[in-house]
Amino acid sequence: MKLRYIKAYVWLSCVFVANVIVYTVVMLSRRPLDLQASGRSAFVGGHLRLWQHRDLQGLPLWNLLMLYMDQLDNPILRNATAQFNLTLPGTCGESFHEAAQRLTDFSSYPSHLQAFVLSMHCRDYPLLVGPADDEACPNGTQLLVAVKSQLANFDRRQAIRQTWGRSGLVRNVTVQTIFLLGRQGSGDGHPDLEALLELERRKNSDLLLWDFQDTFYNLSLKDILFLGWLRGHCPSVELIFLEGDDVFLRVDTLVAYAGSLDAVARRGLFAGHVIQDAAPVHDCKHKYYIPESFYQGTYPPYVGGGGILCSRDVAARLYEASCHLPLFPINNIYLGICLRELALVPQNHPGFWTFNMKAEGREDFCAYKELILVDHRTPQDIIRLWRGLHDPALAC
Ligand SMILES: *[C@@H]1O[C@H](CO)[C@@H](O)[C@H](O)[C@H]1NC(C)=O
Ligand SMILES: *[C@@H]1O[C@H](CO)[C@@H](O)[C@H](O)[C@H]1NC(C)=O
Ligand SMILES: *[C@@H]1O[C@H](CO)[C@@H](O)[C@H](O)[C@H]1NC(C)=O
Ligand SMILES: *[C@@H]1O[C@H](CO)[C@@H](O)[C@H](O)[C@H]1NC(C)=O
Ligand SMILES: *[C@@H]1O[C@H](CO)[C@@H](O)[C@H](O)[C@H]1NC(C)=O
């Protein structure tokens, strides 16, 4: 009798110890395992294995912050964060001066990158204008097209509303378009457009506006704020298309493509014009300049400008991943980094034309037949293209 109890205790203890060991190993090796699975070590991203000792002070800022946030989120390693000698500002009101002090060449950063660094700890900006759910996604909207626009681009938004952005049924899928905006205050030398915006909001109720400066390097922030908003809204939405306001989108081709996928592929959908093996640009005059003191490593595969089609499931997971990753100034790459964190790979689709097409093909509407998206279009281009494609005389 007694022996049986002892055996049971020993057995239970072994199971318990084994569980603890498995838990510890999994927690400690979460990231490195993912990296090994992908077979590529080029994406540094600040990953550090337990047995590696790296000079933390020598790491570029982003890589350091990534490692820091990773350990903060890790219950076992959380206490080891003291070695970073780093504290994130407690509120959005404070600037991240500590980051600036760490960068010996901070004063040589372009001013917009300096502004990015000083506010990169903050992603908590209130929504100032937002439609109710029955306006943002009426009639059980299934495909939500979110267009990143800027306050002053009234004409771009109107061109989209008049053409491909009309809400309604497309191939039996309910589609709705909304616009994502930040602030452009008169303090930054912008004209005061508040009254016009109010008019537009009342007429269309398709605007979301957050209280942050709407600049190029804040686009990652805009993406994340939108994904965060989506978590609490529009439960009927299954697919999301995220893009800029200079884009011509063929919603019918897009819906047909999504419809051709099986349920599993639809659930894990993140598609667009995929760019592989890109690396930071170190030329300080370039639009996408990233200093070496800020980030080192290659970029993970990402979807280039223009637009991204993704499922609601992926959108929700991207948002969660983003909470554990420092913001990156280039928004497409930031989403690529979040995707990599989820061990997902973006899918390339040839219908995304994010490079400018040759001038001679531009008036040939048949050339646009297979297209999902083409970017760098003016409002007039968009309207002309829409009319051309809907011309009953068009024969291809
Ligand atoms: C972390 O460190 C603090 C003091 O340095 C200590 O009080 C606390 O118990 C530690 N927590 C863990 C989980 O080790
Ligand atoms: C921690 O950082 C501060 C500046 O942020 C610096 O003055 C201090 O020397 C650092 N301490 C260590 C131990 O590196
Ligand atoms: C919802 O659908 C009804 C009928 O199909 C239509 O009349 C109405 O305009 C739609 N509402 C919106 C906001 O699209
Ligand atoms: C369109 O969708 C509705 C409901 O979502 C469904 O009942 C109907 O059969 C569909 N029609 C076609 C032609 O697929
Ligand atoms: C982003 O927006 C915040 C909040 O308005 C602002 O403090 C910051 O300077 C902006 N960043 C850039 C790069 O413009």
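All ligand and atom numbering here is 1-based and tracks the order in the structure. What you see is a predicted model; the values in this text were computed from it and never measured.
When only interatomic distances are considered, the shortest N/O to N/O separation between Q213 and ligand 5 falls below 3.5 Å.
Here OH of Y368 is found 12.0 Å from CG of L373. Values are rounded to the nearest 0.5 Å.
Counting the atoms of ligand 5 from 1 in the order shown, those under 4.0 Å from a heavy atom of Y217 are 13 (C). Close approach to F116 involves these atoms of ligand 5, each under 4.0 Å from a residue heavy atom: 13 (C). The ligand atoms of ligand 5 that sit less than 4.0 angstrom from a heavy atom of F212 are 2 (O), 4 (C), 5 (O). Interface atoms of ligand 5 facing Y125, defined by a heavy-atom separation under 4.0 Å, are 3 (C), 4 (C). Heavy-atom contacts of H112 reach the following atoms of ligand 5: 13 (C) (cutoff under 4.0 Å).
Between F216 and ligand 5 there is no heavy-atom distance shorter than 4.0 Å.
Heavy-atom proximity to atom 2 (O) of ligand 5, evaluated over L118, D211, L113, N218, is greatest for N218.
Taking the six-membered ring where the residue is Trp, F294 and Y109 present perpendicular rings, their angle passing 60° and hence far from 30°. Under the 30°/60° scheme for interplanar angles, the aromatic rings of H286 and Y288 are found to be tilted.
A donor and an acceptor atom, one from each side chain of T378 and D381, are located under 3.5 Å apart. Under 3.5 Å, the side chains of Q114 and S111 contain no donor-acceptor pair of N or O atoms. Side-chain polar atoms of T174 and N139 form no donor-acceptor pair below 3.5 angstrom.
Remark: D223 engages K148 in a salt bridge, criterion side-chain N to carboxylate O under 4.0 Å. Ion pairing of K203 with E200 is absent here, as no side-chain N (NZ or NE/NH1/NH2) approaches a carboxylate O to less than 4.0 Å.
When only non-hydrogen protein atoms are considered, atom 9 (O) of ligand 5 lies nearest to A115 CB, 3.7 Å. Of the protein's heavy atoms, S119 CB, 4.0 Å lies nearest to atom 7 (O) of ligand 5. Closest to atom 14 (O) of ligand 5 among all protein heavy atoms lies T215 OG1, 2.7 Å.
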